[in-house]
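Worksheet: one structure, shown below.
In the text below, chain A, chain B and the rest are named by the order of the sequence lines, each starting its count at 1.
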Amino acid sequence: MTIKGRAYIAGAFEHPMRKAPDKSVSAIHAECAKGALADAGLSFADVDGYFCAGDAPGGVHSMVDYLGLDVRHADGTDTGGSSYIAHVSHAAQAIISGKCNVALITMGGRPRSEGRSGVKQKIVGANVPEAPFELTYGPTAVNEYAMATMRHMHEYGTTSEQLAWVKVAASHHAKHNPNAMLRDVVTVEDVLSSPMIADPLHRLDCCVVSDGGGAIIVVSPEIAKSLNRPLIRVLGAGESSKGLLGGKADLTYSGAVRSGASAFAEAGVNSQDIKYASIYDSFTITVLMQLEDLGFCKKGEGGKFVADGNLISGVGKLPINTDGGGLNNNHPSGRGGMIKLIEAVRQLRGESHPKVQVNNCDLALVHGTGGGLASRHGSATLILERV
Amino acid sequence: MAANESRIMAIPETHPEHEEYWKAAAEGKLIIKHCESCGEYHHYPRVLCPFCKSEKTTWKEAKGTGTIYTYSVMRKGSPYVIAFVTLDEGPRMMTNIIDCDWDELHIDQRVKVAFMQSGNQNNPGPCVPCFTPSMTENS
Ligand SMILES: [Zn+2]
């Protein structure tokens with residue numbers, strides 16, 4: 001069974017707020033759901049499938065109840081920040097197998113108001129098998145990604161200047177996004193002179209901590225064609241899980257090697273065909289390594305690939321994250337996958353800001369890494385086509 | 001600059017199946033799991049070998065020496081060095097590098113095990129294996 005061409009993204013909505021101290025997390029989910037349904041031209045009564053992840057308060061059943069949904073399919077798959085990208089694939093599978101016709105995916109969170117950040121100690125529940133042998137050493141989001149960066153630099157000669165270009169590109173896009181949390185254009189020098197957080201990652205190598213959220217509507221082909229919206233269909237998807245391999249850890253590559261290959265094989269396209277890519281950007285290294293692993297350049301050549309504006313729309317060969325990405329626009333709940341989906345939908349519809357809109361953008365890739373690049377993570381890749 | 005060892009290391013969650021590991025650590029020994037079926041060492045310790053899935057895994061004392069695979073100096077709050085060390089027996093383990101000049105640290109540097117007590121004086125936890133640069137390089 002393939003999902004190729006058999007499910008469509010009909011609605012997308014990004015919450016405009018980046019700081020929401022007076023909103024509950026469930027309220028953010030609800031507002032995003034309403035926004036995405038309105039965007040699609042559908043109503044809550046049309047929703048018969050619901051998807052959410054670990055950011056949803058109380059989990060999938062609390063949210064179904066809170067939102068007052070009447071669904072015949074519900075899925076609470078959590079792969080961290082890549083969850084929502086995986087949800088689109090799961091929604092497509094559910095639609096094809098007759099479990100639902102209109103799938104709602106929501107996410108939202110307020111880490112900014114709650115004082116969460118990537119420099120804080122990771123918290124995991126009881127009985128997590130690796131916890132007794134790791135947590136005492138103080139792993140955080142930033143120092144784990146920093147360790148992957150350090151090894152990449154050692155093996156391939158990747159430099160801080162090259163990594164900084166990822167942030168520079170994000171800032172060039174964010175200046176056109178009125179909702180972006182950071183809108184000032186920065187230079188390579190600005191990144192390098194920002195405070196060191198965890199060697200070799202500077203403050204400006206790290207994504208923003210923002211409140212907010214988003215929602216996506218996935219529908220059957222029949223419903224998509226009945227709506228007055230551009231037709232964006234799912235062409236291929238892939239997922240993978242990567243860990244520390246029982247002690248044979250290799251931090252130079254991510255799960256994108258597998259999830260990307262699966263998605264490209266299902267879609268029947270290759271990286272050269274992609275006009276726009278939403279690439280998970282929790283840190284600058286995340287982008288660089290995923291681009292290699294997805295095949296946009298050879299392993300070890302990510303540094304050269306991202307340098308000199310190659311990721312800037314209208315300037316380089318591969319425009320990415322034209323909303324400003326997690327580095328500048330929005331990374332709600334420390335989970336960037338939903339926002340990655342939304343900007344890809346805008347690009348395919350021709351609804352991105354004119355200054356960053358890619359000409360004739362008919363094929364896009366969305367990729368996310370949820371969890372730790374230097375520990376365990378879930379990768380999800382999605383390829384979308386405008387029909 | 002030297003790493004600030006005033007950071008309190010979180011007390012690890014302990015389980016009966018890891019009792020020997022913590023007991024050995026208290027005696028200044030690092031023990032790791034070895035599989036009798038396939039001959040591979042693994043870390044962190046499991047009941048089933050992650051490679052061949054055999055239940056014939058036993059604890060073996062490691063030499064306590066290895067090389068830095070990667071590391072990062074955390075600069076926010078009380079600074080500390082997190083790292084992965086490749087043990088001479090093969091497995092890579094997450095750890096801290098202690099008693100070191102962090103500006104002199106580098107990948108492939110030789111290190112040896114050194115134990116730190118988790119928790120604090122009022123609430124002491126088990127000793128946990130950390131690493132420190134070998135004298136040959138650090139002198
Ligand atoms: Zn074995």
**Prompt:** Quick one: what part of A:P195 sits under 4.5 Å from any heavy atom of chain B, side chain, backbone, both or neither?
**Reply:** neither
**Message:** Which atoms of A:T140 are under 4.5 Å from chain B, going by heavy atoms: the side chain, the backbone, both sets, or neither?
**Reply:** side chain
Spatial distance of atom [atom1] ([X]) from atom [atom2] ([Y]) [nearest 0.5 Å]:
X: A:T136; Y: B:E13; atom1: OG1; atom2: CD; answer: 12.5 Å
X: B:R92; Y: A:L251; atom1: CZ; atom2: CG; answer: 7.5 Å
X: B:M94; Y: A:L135; atom1: CE; atom2: CG; answer: 8.5 Å
X: A:E134; Y: B:I82; atom1: CD; atom2: CD1; answer: 8.0 Å
X: B:H43; Y: A:E130; atom1: NE2; atom2: CD; answer: 11.0 Å

Which atoms of [X] come close to chain A, meaning under 4.5 Å heavy atom to heavy atom: side chain ones, backbone ones, both, or neither?
X: B:Y21; value: side chain
X: B:F51; value: side chain
X: B:P126; value: neither

Neighbour count >12 (heavy atoms, 6.0 Å) for atom [atom1], [X]:
X: A:R258; atom1: CZ; answer: no
X: A:R116; atom1: CZ; answer: yes
X: A:D184; atom1: CG; answer: no
X: A:K299; atom1: NZ; answer: yes
X: B:E27; atom1: CD; answer: yes

**Request:** Specify which of B:K33, B:H18, B:M93 makes the most heavy-atom pairs with chain A at under 4.5 Å.
**Result:** B:H18
**Largest heavy-atom contact set with chain A, pairs under 4.5 Å, which of B:Y71, B:Y41, B:Y44** = B:Y44
**Prompt:** Judged by atom type as modelled, is there a donor-acceptor pair below 3.5 Å linking the side chain of B:R75 to the main-chain atoms of A:M196?
**Reply:** no
**Asked** Do the side chain of B:S72 and the main chain of A:D199 share a donor and acceptor less than 3.5 angstrom apart?
**Response** yes
**Complete:** Answer key: most heavy-atom pairs under 4.5 Å with chain B among A:P129, A:A374, A:A146 is A:P129
**Message:** In terms of relative ring orientation, are A:F133 and B:W22 parallel, tilted or perpendicular, with 30° and 60° separating the classes?
**Reply:** parallel
**4.5 Å side-chain heavy-atom contact, B:P12 and A:Y137** = no
**Prompt:** Is there a side-chain contact between B:T70 and A:H154 (heavy atoms, below 4.5 Å)?
**Reply:** no
Quick check: closest heavy atoms across [X] and [Y], and the distance to 0.1 Å?
X: B:A83; Y: A:M147; value: CA-SD, 3.6 Å
X: A:N143; Y: B:Y80; value: ND2-OH, 3.3 Å
X: B:I107; Y: A:M150; value: CD1-O, 3.6 Å

